[in-house]
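Throughout, protein chains are lettered first and strands after them, A, B, ... in sequence-line order, and every chain is numbered starting at 1. Because the structure is predicted, anything quoted here is derived from the model rather than measured. Below, all heavy atoms of this structure are taken into account, side chains as well, without hydrogens, waters or symmetry copies.
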2 protein chains.
Amino acid sequence: MAKKKTIEADLSTQEKIKEAARKVFTQKGYAATRTRDIAEEAGINLALLNYYFRSKEGLFEIVMVEKLQQLFGTIVPILNDEGTTLEKKLELVVLCYIDMLTAHPDLPIFVLSEIRVDPERFSQRIQAGKLLREAYFLKQLKERRPDLHPLHFVMNLVGMTLFPFVGKPIFQAIGNLPAKDYAVLMEERKALIPKWVQAILKTK
Amino acid sequence: MAKKKTIEADLSTQEKIKEAARKVFTQKGYAATRTRDIAEEAGINLALLNYYFRSKEGLFEIVMVEKLQQLFGTIVPILNDEGTTLEKKLELVVLCYIDMLTAHPDLPIFVLSEIRVDPERFSQRIQAGKLLREAYFLKQLKERRPDLHPLHFVMNLVGMTLFPFVGKPIFQAIGNLPAKDYAVLMEERKALIPKWVQAILKTK
DNA sequence: AAATAATTTAATCAATTGATTAAATTATTT
DNA sequence: AAATAATTTAATCAATTGATTAAATTATTT
């Protein structure tokens, strides 16, 4: 058995492929990605991809699980924290999301596109379902506004935070903004969105 | 020249193909769509697709232009109307959008996905840029809140309205809602979003 | 050092896929 | 009705693409 050095090489080559797969899949989506694109990006022979991962599908599966976690997993601990007020949670979620999305702008459109292909397959995987339904956040929301479905607030919060990244090319076009200025708007939204959501909470 | 009957048959077969292309492209995206899928959906021979339209790309181009118009063109006349208040415009845009999206739920995710593939190519086509910058809506917005970039409000309005359709599978999963109940929420939002956006306009 | 195991490569497959061609059919014009 | 033009089909191509195979190379163990 080749062990020590083997595992190192393993991790290295395997990780190179995974990293390339993350990049190419996220950029072009599953269908438009050719395994040759990934191999080239990773700087390896095409056959190696099938040696380490069984198939394109297999590699995609691994990347997708990671990306789902990245997009949905991060906010769960924030929403579940029993030591923070509703207001604080809103601030933290917005801050955390905008920072993450600034670093990975095409994460949400990638995940949403792939979910569309097979909603059943991926929707279950988002344990955010269970986690959100049991979240302390939900209790706080219901106390504040028992008259409205909590999902309305989640839609507003996520819509205002995430959508500017999903629709970035469009908003940039209609606003005629260079990338730099767009980034400034995103920064501004870190402080603005929590205020807006709180204004929504106080409506009639 | 075969004219009368020719044109009728032309429109009929051609339109069958276009209709099939609209459906399949919108559902699966460009890359995942095979011309054979479209031919089958249209109930015609594959060669006919290339007889009427020069290529997959050509057919897609036609569909995409339609869809861009459908998604962005509809709101322009509403926003440009000099005879309505800002409040009325908000109401009308939300109403119009939610009705349209209820009828064509996968329109926005389709358009956004394809724009991602080649942002330059499609972003220019959205004359909404020029139209929004010159819109009466913008003037009204600037009067009301000169301190904030108008794009913030557009992002909030569109985010709250459109995003629940883009993220439908996810919101349904985390809310554990059947399709029927989800539709009810969308109906509720017709009246709620304008109020919320107005609350945002009044902040601080 | 020899044997063994793991990794990498070049070559090749078979299936898929967008597109074309030539012939057949149908409609229109003269 | 004959000639012509438009439409449709079956068959076929060539390129692409995910995957495999057998051989070569490199690392590890005995």
Side-chain angles (χ1 to χ4, degrees), chain A residues 1-64 110 113-114 117-118 121, chain B residues 1-64 110 113-114 117-118 121:
Chain A
M1 246 195 304
K3 234 180 195 169
K4 185 97 195 297
K5 195 63 169 286
T6 295
I7 285 178
E8 272 179 41
D10 226 51
L11 284 176
S12 173
T13 306
Q14 199 167 328
E15 198 47 51
K16 260 195 291 177
I17 298 173
K18 246 202 232 173
E19 188 52 35
R22 283 186 198 105
K23 180 171 173 185
V24 182
F25 277 140
T26 305
Q27 218 163 61
K28 316 176 45 156
Y30 179 79
T33 295
R34 298 169 308 141
T35 49
R36 280 162 177 83
D37 297 334
I38 298 174
E40 195 185 352
E41 176 72 34
I44 53 111
N45 187 290
L46 172 60
L48 262 182
L49 188 147
N50 290 289
Y51 173 75
Y52 281 102
F53 305 90
R54 295 182 56 83
S55 63
K56 178 187 179 184
E57 182 60 33
L59 184 50
F60 175 75
E61 188 69 20
I62 290 168
V63 171
M64 191 64 182
F110 164 71
S113 303
E114 299 302 339
V117 174
D118 191 350
R121 180 175 169 204
Chain B
M1 246 194 304
K3 234 180 197 170
K4 186 99 196 296
K5 195 63 169 286
T6 295
I7 284 178
E8 273 179 40
D10 226 52
L11 284 177
S12 174
T13 306
Q14 199 166 327
E15 198 48 50
K16 259 195 292 178
I17 297 173
K18 246 202 234 174
E19 189 53 35
R22 283 186 198 105
K23 180 170 172 184
V24 182
F25 276 139
T26 305
Q27 217 162 63
K28 315 175 48 155
Y30 178 79
T33 295
R34 299 170 307 141
T35 49
R36 280 162 176 83
D37 296 335
I38 298 174
E40 194 186 353
E41 177 71 34
I44 52 111
N45 186 290
L46 172 60
L48 262 183
L49 187 147
N50 291 288
Y51 173 76
Y52 281 102
F53 305 89
R54 294 181 57 83
S55 63
K56 179 188 179 184
E57 182 60 33
L59 183 51
F60 175 74
E61 187 71 18
I62 290 168
V63 170
M64 191 64 183
F110 164 71
S113 304
E114 299 301 339
V117 174
D118 191 351
R121 180 175 169 204

- Item | Electrostatic pair A:Arg121-A:Glu114, nearest N-O below 4.0 angstrom |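 Between A:Glu114 and A:Arg121 there is no salt bridge, as every charged N stays at least 4.0 Å from the carboxylate O atoms.
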
- Query: Looking across every strand, which nucleic acid part, if any, lies under 4.0 Å from B:Leu46 by heavy atom: base, sugar-phosphate, or nothing?
  - Reply: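 Answer is base: heavy atoms of B:Leu46 come under 4.0 Å of a base.
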
Atom-to-atom span, [atom1] of [X] to [atom2] of [N] - whole angstrom:
X	N	atom1	atom2	answer
B:Leu49	C:dA19	CG	P	8 Å
B:Tyr51	C:dA23	OH	C1'	15 Å
B:Arg34	D:dT17	CZ	C1'	14 Å
A:Asn50	C:dA6	CG	P	19 Å
B:Asn45	D:dT12	CG	C1'	13 Å
B:Ile44	D:dA10	CD1	P	12 Å

- Task: Return no unless some side-chain N or O of B:Thr35 is found under 4.0 Å from OP1 or OP2 of C:dT17.
- Result: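 For C:dT17, OP1/OP2 do not have a side-chain N/O of B:Thr35 under 4.0 Å.
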
- Task: Indicate whether OP1 or OP2 belonging to C:dT8 is found under 4.0 Å from a side-chain N or O atom of A:Thr13.
- Result: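 Yes, within the criterion.
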
- Query: Are A:Phe110 and A:Phe25 close enough that their ring centres sit under 6.0 Å apart?
  - Reply: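 They do not qualify: ring centres at least 6.0 Å apart.
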
- Message: Is there a side-chain contact (heavy atoms from CB on, under 4.5 Å) between A:Glu57 and A:Tyr30? Walk through the geometry before answering.
- Response: CA-CA 9 Å; A:Glu57 182 60 33; A:Tyr30 179 79; 3.0 Å; yes

- Query: If you write DNA chain D from 5' to 3' in dot-bracket form, with Watson-Crick or G-U pairs under 3.5 Å, [ ] for crossing pairs and | for pairs with another strand, what do you get?
  - Reply: ||||||||||||||||||||||||||||||

- Measure the CD-CD1 distance between A:Glu41 and A:Ile38 for me, rounded to the nearest 0.5 Å.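 These two atoms lie 9.5 Å from each other.
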
